[in-house]
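Just the heavy atoms: all of them, side chains too, but no hydrogens, waters or symmetry mates, feed the values below. Chain A is the first sequence line, chain B the second, and so forth, proteins listed ahead of strands; every chain is numbered from 1.
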Amino acid sequence: GQNIDQPTEMTATEGAIVQINCTYQTSGFNGLFWYQQHAGEAPTFLSYNVLDGLEEKGRFSSFLSRSKGYSYLLLKELQMKDSASYLCAVRDRGGSYIPTFGRGTSLIVHP
Amino acid sequence: GAGVSQSPRYKVAKRGQDVALRCDPISGHVSLFWYQQALGQGPEFLTYFQNEAQLDKSGLPSDRFFAERPEGSVSTLKIQRTQQEDSAVYLCASSLLVGQNSYEQYFGPGTRLTVT
């Protein structure tokens, strides 16, 4: 299976930039996902990386380095509504291509 | 169109009771997943269906957990003789198809189960 590690909690200031890191170990990497989950709500899809490099989507960007087993989610121009848990999930070629989720990083944005 | 829906949203059960949690996936989605999410944790995989076939049930924690999707759309997760450690949010997700060329999962709002 996969071993996924991400920080438990981060805080940042409104308007700033924050980078949430995710490291993983897997034998047959086949994609990495980031999801956002507000308290008491369903996770919602943010990004998917399968090749090395940076994928930019508005205020959010996601980076992947397969050789390092490393990804980050970059959030720019932080808004209060960005306070949420950010889940890193890794898919492996083995089994059924089902993503395994990390424990999530709780981001608190303060004024 | 409608997203993934789950019912009930909240369920309180006495220890030892049986519960049934329902998931209505997005119409046309072939793949359906059940996850268990404890407070402060990420979703933990329980089981996966492709249409009516249960292709992976490796995450079910014990034989008290049973899931079905008899007609390839609505799914039910049943927990028999509930225990306190079963208290969690149970998330259902669907996607067009699981495989190398598809990826996004759409999650329902979850059922929060509390076993007293």
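- Listed options A:G102, A:G31, A:P43, A:A39 were ranked by heavy-atom pairs under 4.5 angstrom with chain B; first place goes to A:P43.
- Taking all atoms of both residues into account, the shortest heavy-atom contact from A:L87 to B:G42 is CD2-CA, 3.9 Å.
- Hydrophobic clustering (side-chain heavy atoms under 4.5 Å, transitive across Ile, Leu, Val, Met, Phe, Trp, Tyr) keeps A:F63 apart from A:I20.
- One finds the CD1 atom of A:I98 at 3.5 Å from the CZ atom of B:F45 (value rounded to the nearest 0.5 Å).
- In this structure, the portion of B:Y35 lying under 4.5 Å from any heavy atom of chain A is its side chain and not its backbone.
- Within the 4.5 angstrom heavy-atom criterion, no atom of A:Q6 approaches chain B.
- Cluster membership for A:I4 and A:F29, using ILVMFWY side-chain heavy atoms within less than 4.5 angstrom, is shared.
- Under the 4.5 Å side-chain heavy-atom criterion for grouping Ile, Leu, Val, Met, Phe, Trp and Tyr, B:F33 is not connected to B:F65 through any hydrophobic cluster.
- Note on B:L113: it does not cluster hydrophobically with B:L39, by side-chain heavy-atom contacts below 4.5 Å among ILVMFWY residues.
- For B:R9, there are no salt bridge (Lys or Arg N to Asp or Glu O under 4.0 Å) partners, not counting sequence neighbours.
- Between the OG1 atom of A:T8 and the CD atom of B:Q41 there is a distance of 8.5 Å, given to the nearest 0.5 Å.
- Within a 6.0 Å radius of CD in B:E44, other residues, nucleotides and ligands contribute 12 heavy atoms or fewer.
- Both A:L73 and A:Y24 sit in one connected hydrophobic cluster of ILVMFWY residues. Membership requires side-chain heavy atoms under 4.5 Å apart, directly or through other members.
- Shortest non-hydrogen contact noted between A:Y35 and B:E104 is OH-C, 4.2 Å.
- Contacts between B:Q37 and chain A at a heavy-atom distance below 4.5 Å involve the side chain alone, from C-beta outward.
- If you take CZ on B:F107 and CZ on A:F45, they are separated by 11.5 Å, rounding to the nearest 0.5 Å.
- Of the two parts of B:P109, only the backbone, made up of N, CA, C and O, holds a non-hydrogen atom closer than 4.5 Å to a non-hydrogen atom of chain A.
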